[in-house]
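This report refers to the structure that appears directly beneath it.
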Amino acid sequence: ACQQSPNPYQAEGLPYPPAPAAAAGHFDPSAYPPVPRDFALYRSWSWRNDQQPAGDDWASSQLLSDSLSGGLDQIGLRPAQSPAAPDLHVSAQLDIVEVEIIQPRETGVYYGNGPYGDDYGVGGRFPLRSSYRQALIRLQINFFDAHSQQLVWRGNAEVPSSEDRTEQAESLRQAVRQALSNYPPH
């Protein structure tokens, strides 16, 4: 069966050669992943460039900034008090877009019935295409680190709009909640 013969392969290990002398003083930060950001350090905010987000004829600047302030408060971010510097600068962009939603359906007439359901027999089937236009609120919220001015987080939302003024405010609050739902990132 098995012959007892010596293994022709020998485990040999040579040490790694020493690193070049220049490598001791050189640091390449791109060789390492970035340090994870601690979002718990962000507690206060202010508007980026001290400007509230621009409104439009659908939603005023005041309605948008009030909705954003309420949403930021819900996730634990408070407005910075005057003498204190904020941790975050916040900007937002609101767009109302109209999209066409297409709902394909199939319909047809059949004569006969078989063991496999109503589609057994003689007849035909043809597609019907129905579509309608829907106004959507697209909201983008950006958080910038107040010290480094780097973008640290971005949230997006898209919710159906309404023509009724009271429902518009609720749609805007829903868009803010949806955009902020992934903050802080895990």
Quick one: closest heavy-atom pair of Pro53 and Ser65, and the distance? CD-CB, 4.3 Å
So, do Ser44 and Pro86 sit near enough that their side-chain heavy atoms are less than 4.5 Å apart? yes
Does the side chain of Trp47 come within less than 4.5 Å of Leu68's, by heavy atoms? yes
Which of these passes side chain to side chain contact (heavy atoms under 4.5 Å, CB included) with Gln140: Asp95, Asn156, Leu94? Asn156
CG of Leu180 to CD1 of Ile141, rounded to nearest 0.5 Å, is 4.0 Å
Looking at Ala175 and Ile137, what are the two nearest heavy atoms and their distance? CB-CG2, 4.3 Å
So, does Asp145 use its side chain to make a donor-acceptor pair with the main chain of Gln150 at under 3.5 Å? no
So CD of Gln168 and OG of Ser60: to nearest 0.5 Å the spacing works out to 10.0 Å
Find out whether Gln149 and His89 are in side-chain contact, i.e. whether some heavy atom of one side chain is under 4.5 Å from a heavy atom of the other. yes
Does a sphere of radius 6.0 Å around CZ in Arg37 hold more than 12 heavy atoms from other residues, nucleotides or ligands, not counting ones at 6.0 Å or beyond? yes
Rounded to the nearest 0.5 angstrom, the CD-CG distance for Gln62 and Asp66 is 4.5 Å
Measure the shortest side-chain to side-chain distance between Leu151 and Arg154 over non-hydrogen atoms and say whether it is less than 4.5 angstrom. yes
Does CD belonging to Gln81 count more than 12 external heavy atoms closer than 6.0 Å? no
Heavy atoms only: give me the nearest Ala80-Ala84 pair and the separation to one decimal. CB-O, 4.1 Å
So, do Leu136 and Val159 sit near enough that their side-chain heavy atoms are less than 4.5 Å apart? no
When you look at Asp73 and Trp45, which way does the side-chain contact (heavy atoms from CB on, under 4.5 Å) test go after all the steps? CA-CA 10 Å; Asp73 196 51; Trp45 65 274; over 6 Å; no
Just how far is it from atom CG of Leu77 to atom OG of Ser46, taken to the nearest 0.5 Å? 11.5 Å
Is the ring pair Tyr183/Phe39 parallel, tilted or perpendicular, if the boundaries are 30 and 60 degrees? perpendicular
Glu100 side chain near Gln134 side chain, heavy-atom distance below 4.5 Å: no
Point-to-point distance, once rounded to the nearest 0.5 Å, from CG of Leu139 to CD of Gln178: 9.0 Å
Has Arg48 got its NZ or CZ under 6.0 Å from the middle of the six-membered ring of Phe144, at an angle within 45 degrees of the ring axis? yes
Answer whether the closest heavy-atom distance between the side chains of Leu72 and Leu88 falls below 4.5 Å. no
Output yes when a side-chain donor or acceptor of Asn49 lies under 3.5 Å from a complementary backbone atom of Gln51, and no otherwise. no
Identify the two heavy atoms, one from Ser67 and one from Val176, that lie closest to each other, and give their separation to 0.1 Å. O-CG1, 3.7 Å
CZ of Arg173 to CD of Glu170, rounded to nearest 0.5 Å, is 5.0 Å
Side chains of Asn142 and Trp153 in contact at under 4.5 Å (non-hydrogen atoms): no
